[in-house]
Protein chains: 2
Amino acid sequence: MAPMARAATTSDVFNAISEPQRRDILVLLRAGERPVTELARELGMTQPGASKHLRVLREVGLVRDRKKGKQRLYGLDARGLRPVHEWAGGFERFWNESFGRLDAYVQDLKQAKQQEE
Amino acid sequence: MAPMARAATTSDVFNAISEPQRRDILVLLRAGERPVTELARELGMTQPGASKHLRVLREVGLVRDRKKGKQRLYGLDARGLRPVHEWAGGFERFWNESFGRLDAYVQDLKQAKQQEE
DNA sequence: CCATCATATGCCTATATCGGCATGTGTTGT
DNA sequence: ACAACACATGCCGATATAGGCATATGATGG
């Protein structure tokens, strides 16, 4: 009876990278490891904010951390992005034809155009 | 004052594909267009549920619809997945080395392993 | 014009976050 | 042991869905 809500999408890589700021973090980390504070500063977010996003990224395995003195260096572990790349790549032949079953659409091209405007 | 909440992630392709069921829909549509009901049946979801997911996919441009008699055929428009593919591809060289700045990590390999267990 | 089938929406509940802020925890150097 | 710095967490408020269900909207064939 309990109205089921959102599926347990969490802890999923796709979900982790659905957040713009988390993608920013990953991109930034390509340049090398960084302590939380520096990361937060470079991306214009608060330290707690950065820590929370890093936590999500860590839980799905996209980043790793190691201690370095007082700080904690976060580094990229992009292996988890490979499935994403491959999944999207599975549609490669489709984006070359604009969209699937092109022929079928061609018949109604005019209608489709109308809908666009 | 107004505690800002979730960023306007909506209407973003990354967000659209963060939902497992929506990914399922896209994959299914690779086999060709389908009316909503059939899609819902094949994926084991309710018709309203399918419609809602399709709406999100449509809003980010990943699917297109055209009328076919009483029904509405949904078809794939994978062009929007290209940016995703490329974004993830930008990390390709990193997942080959396990994680970025491998050398730095190697020094602390033992520590890293410990953290893993 | 109406009955019917195919979809889209609205409403409601439970939940998942995001952001901001305050505070707990851990580490280092003195 | 303590002050200081670097992070991680907890809590709160506001919001964005996901699902289920009922119902409005649309198009079709008579």
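Because the structure is predicted, anything quoted here is derived from the model rather than measured.
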Mind calculating the distance between CG (A/Asp24) and P (C/dC18) to the nearest angstrom? 14 Å
All pairs passing ring pair (Phe, Tyr, Trp, His ring centres under 6.0 Å) where residues 13-39 of chain A contributes a residue, at least two apart: A/Phe14-A/Trp87
Among side-chain atoms of A/Tyr74 and A/Arg66, is any donor-acceptor pair under 3.5 angstrom? no
Rounded to whole angstroms, how far apart are NZ on A/Lys67 and C1' on D/dA8? 12 Å
Of all residues at least two apart in sequence or in a different chain, which pass the side-chain contact (heavy atoms from CB on, under 4.5 Å) check with B/Pro48? B/Thr46
Applying salt bridge (Lys or Arg N to Asp or Glu O under 4.0 Å) to B/Glu92 and not counting sequence neighbours gives none
Once you round it to whole Å, what is the distance between C1' of D/dA16 and NE2 of B/His53? 14 Å
Return a single string for nucleotides 4-11 of chain C, one symbol per nucleotide in 5' to 3' order, where B is base contact, S is sugar-phosphate-only contact and - is none, cutoff 4.0 angstrom on heavy atoms. -BSBBBBB
Would you list the pairs meeting salt bridge (charged side-chain N to carboxylate O under 4.0 Å, His left out) in which at least one residue belongs to residues 43-56 of chain B, sequence neighbours left out? B/Arg55-B/Glu59
Starting from P on D/dG19, measure out to CG on B/Leu43 and report it in whole angstrom. 12 Å
Can you tell me the distance, in whole Å, between the CZ atom of A/Arg41 and the P atom of D/dC5? 16 Å
With A/Val56, which residues qualify under side-chain contact (heavy atoms from CB on, under 4.5 Å), at least two apart? A/Ala16, A/Arg22
For the pair made of CD in B/Glu19 and C1' in C/dA16, what is the distance, rounded to whole Å? 12 Å
